[in-house]
Amino acid sequence: MFAAERRQLILEMVRANGAVSLRELARVVQTSEVTVRRDVRALEAEGLLDRRHGGAVLPGGFTRESGFPQKSHLATAEKTAIADLAASLVEEGEAIVVGAGTTTQELARRLARVPGLTVVTNSLLVAQALAHANRVEVVMTGGTLRGSNYALVGSGAEQSLQGLRVSRAFLSGSGLTAERGLSTSNMLSASVDRALVQAAAEVVVLADHSKLGTDTMFQTVPTDVITRLVTDEPPTHDDRAATELQALADQGVQIAIAGASATGTGPAGGDHVPARQTRRDVPLPGQRRNQLPGGPQLRSASALDQAPPERAARVADLRRR
């Protein structure tokens with residue numbers, strides 16, 4: 001196993017468990033404790049975890065947030081697959097909002113090929129990815145630049161979103177749990193994300209498996225407002241992420257798993273979904289808590305397309321929130 005692969009696996013284990021001993025890390029990555037200690041030291045230098053005697057823990061608890069340079073190198077393959085699948089939900093001529101984040105930046109790169117699209121965003125990185133897309137109109141919010149994630153935040157950003165109405169909001173965050181929904185470590189970012197949600201009829205969360213089961217300080221989107229989650233398939237050793245996926249599905253969130261094979265079953269019985277798909281009609285839901293026969297379950301993107309759409313508008317419900 002290469003050093004980069006070892007360190008990625010170490011990060012995933014620490015995020016899944018909160019704290020992991022060096023002995024356990026060495027067993028899972030099949031190397032010596034000396035090598036693992038060196039990997040942990042390197043990851044701590046990047047601000048991705050904290051060393052403790054005999055092990056590694058999550059950095060800074062609820063309040064610590066990694067900067068863009070660190071985030072951009074994490075789970076890159078997973079983010080690419082998630083962005084591919086999320087882009088297939090967007091139709092020509094739509095108006096959408098896209099929040100800040102490294103996963104939404106990947107989505108924006110794919111949206112550049114969708115003609116007639118209007119994208120409202122508070123992210124400089126999303127706007128940059130769409131800057132040369134001739135057939136895509138980009139509308140940026142106002143606000144104050146937050147340099148750690150290249151996003152516009154504050155009252156200026158929130159006020160510029162008042163009165164806006166679009167079909168979908170695509171958001172990412174620092175953590176996602178069935179109990180609290182999507183959350184982030186920064187209060188200003190959370191406030192703008194809530195304003196983005198208020199502007200959309202449908203909320204799509206993009207989160208790789210490392211964020212599942214992670215809870216951070218500020219709630220941005222409650223679970224009952226999340227229409228869809230686009231994620232990747234958790235590794236076989238990550239029981240925490242698989243359990244969280246099932247809990248989200250039990251609460252009515254539609255689950256689409258990217259980067260999996262076209263046959264077989266995914267976590268908790270969900271269908272595998274190929275990462276790259278052609279765009280197709282995905283009707284906006286009304287009261288989105290419809291369930292398949294037999295109770296709540298994970299559903300693939302193809303299963304979502306076959307489900308009968310409900311037409312009741314969620315505008316009033318979202319504004320009450």
Side-chain angles (χ1 to χ4, degrees), residues 11 15 45-50 58-76 79 82-83 86 96-109 111 118-131 136-164 166 168-176 180-200 203-208 210-211 214-222 225-226 321:
L11 277 176
R15 285 171 176 160
E46 296 182 47
L48 301 175
L49 51 73
D50 290 340
L58 288 172
F62 282 95
T63 60
R64 177 67 178 269
E65 181 183 29
S66 299
F68 174 78
Q70 290 81 23
K71 291 180 181 179
S72 63
H73 293 97
L74 294 177
T76 53
K79 291 174 182 176
I82 290 169
I96 63 174
V97 295
V98 179
T102 53
T103 310
T104 52
Q105 180 187 23
E106 287 297 321
L107 170 63
R109 290 171 177 152
L111 295 180
T118 300
V119 177
V120 181
T121 185
N122 69 319
S123 169
L124 298 186
L125 298 176
V126 168
Q128 182 183 42
L130 295 168
V136 177
E137 181 179 1
V138 180
V139 179
M140 295 208 66
T141 68
T144 302
L145 177 63
R146 183 167 180 257
S148 61
N149 65 346
Y150 302 96
L152 297 171
V153 297
S155 59
E158 296 171 40
Q159 290 173 9
S160 66
L161 293 166
Q162 292 180 2
L164 179 71
V166 298
R168 293 179 176 89
F170 291 87
L171 299 176
S172 186
S174 301
L176 177 65
R180 290 186 72 220
L182 191 66
S183 62
T184 185
S185 301
N186 182 265
M187 181 174 63
L188 294 175
S189 295
S191 186
V192 173
D193 281 353
R194 285 192 288 268
L196 292 173
V197 168
Q198 291 291 325
V203 179
V204 182
V205 170
L206 312 181
D208 67 79
S210 68
K211 297 178 181 178
T214 298
D215 198 5
T216 53
M217 194 169 183
F218 299 99
Q219 183 192 57
T220 56
V221 188
V225 177
I226 300 173
R321 296 180 186 281

**Student:** Do the non-hydrogen side-chain atoms of Ile226 and Leu176 ever get within less than 4.5 Å of each other?
**Tutor:** yes

**Student:** Compare every heavy atom of Ala108 with every heavy atom of Ala129, then report the nearest pair and how far apart it is.
**Tutor:** CB-CB, 3.8 Å

**Student:** Heavy atoms, side chains only, cut-off 4.5 Å: are Leu171 and Leu196 in contact?
**Tutor:** yes

**Student:** Holding to side-chain contact (heavy atoms from CB on, under 4.5 Å), I want the full list of residues that pass it with Ser155, two or more places apart in sequence or in another chain.
**Tutor:**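 With neighbours one apart ignored, the set is Gln159.
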
**Student:** Does any non-hydrogen side-chain atom of Leu124 lie less than 4.5 Å from one of Met140?
**Tutor:**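 Of all side-chain heavy-atom pairs linking Leu124 with Met140, at least one is under 4.5 Å.
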
**Student:** When you look at Glu137 and Val119, which way does the side chain to side chain contact (heavy atoms under 4.5 Å, CB included) test go after all the steps?
**Tutor:** CA-CA 6 Å; Glu137 181 179 1; Val119 177; over 6 Å; no

**Student:** Is any side-chain heavy atom of Arg194 closer than 4.5 Å to a side-chain heavy atom of Val221?
**Tutor:**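 They are not in side-chain contact.
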
**Student:** Is the closest side-chain heavy-atom distance between Val139 and Leu164 below 4.5 Å?
**Tutor:**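 Result no, sub-4.5 Å side-chain heavy-atom pair not found.
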
**Student:** Give, for atom CG of Asp193 and atom OG of Ser183, the distance between the pair rounded to the nearest 0.5 Å.
**Tutor:**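 So the gap between those two atoms works out to 10.5 Å.
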
**Student:** Compare every heavy atom of Gly99 with every heavy atom of Val126, then report the nearest pair and how far apart it is.
**Tutor:** CG2-O, 3.8 Å

**Student:** How far apart are the closest heavy atoms of Asn149 and Leu125, and which atoms are they?
**Tutor:**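 Looking at all heavy atoms of both residues, the closest pair is O-CD1, 4.3 Å.
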
**Student:** Can you tell me how far apart OG1 (Thr144) and CG (Leu188) are? Round to the nearest 0.5 Å.
**Tutor:**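 Between atom OG1 of Thr144 and atom CG of Leu188 there are 8.5 Å.
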
**Student:** Taking all non-hydrogen atoms of both residues into account, name the closest pair between Ala83 and Thr103 and its distance.
**Tutor:** CB-O, 4.4 Å

**Student:** One pair to check against side chain to side chain contact (heavy atoms under 4.5 Å, CB included): Val120 and Leu161. What are the steps and the verdict?
**Tutor:** CA-CA 9 Å; Val120 181; Leu161 293 166; 4.1 Å; yes

**Student:** For the residue pair Gln105 and Ser123, confirm or rule out a side-chain donor-acceptor distance under 3.5 Å.
**Tutor:** no

**Student:** Applying side chain to side chain contact (heavy atoms under 4.5 Å, CB included), run through Leu206 and Leu107 and close with a yes or a no.
**Tutor:** CA-CA 9 Å; Leu206 312 181; Leu107 170 63; 3.9 Å; yes

**Student:** Can any side-chain N or O of Thr104 pair as donor or acceptor with the backbone N or O of Val98 at less than 3.5 Å?
**Tutor:**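 No; zero donor-acceptor contacts below 3.5 Å.
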
**Student:** With side chains defined as the heavy atoms from C-beta onward, is the minimum distance between Thr141 and Thr121 less than 4.5 Å?
**Tutor:**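 No - every pair of side-chain heavy atoms lies 4.5 Å or more apart.
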
**Student:** Return the CG to CZ distance between Asn186 and Arg146, rounded to the nearest 0.5 Å.
**Tutor:**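 It is 3.5 Å, given to the nearest 0.5 Å.
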
**Student:** Testing the basics here: between Arg180 and Gln219, what is the closest heavy-atom pair and its distance to 0.1 Å?
**Tutor:** O-NE2, 2.8 Å

**Student:** How close do Thr184 and Ala190 get, heavy atom to heavy atom, and via which atoms?
**Tutor:**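 It is CG2-CB, 3.5 Å.
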
**Student:** Flag the pair Val203 / Leu182 as yes when at least one side-chain heavy-atom distance between them is below 4.5 Å, and no otherwise.
**Tutor:**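 They are not in side-chain contact.
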
**Student:** To the nearest 0.5 Å, what is the distance between OG (Ser172) and NZ (Lys79)?
**Tutor:**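 Output value for this atom pair is 7.5 Å.
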
**Student:** May I have the step-by-step check of side chain to side chain contact (heavy atoms under 4.5 Å, CB included) for Val197 and Thr220, ending in yes or no?
**Tutor:** CA-CA 9 Å; Val197 168; Thr220 56; over 6 Å; no

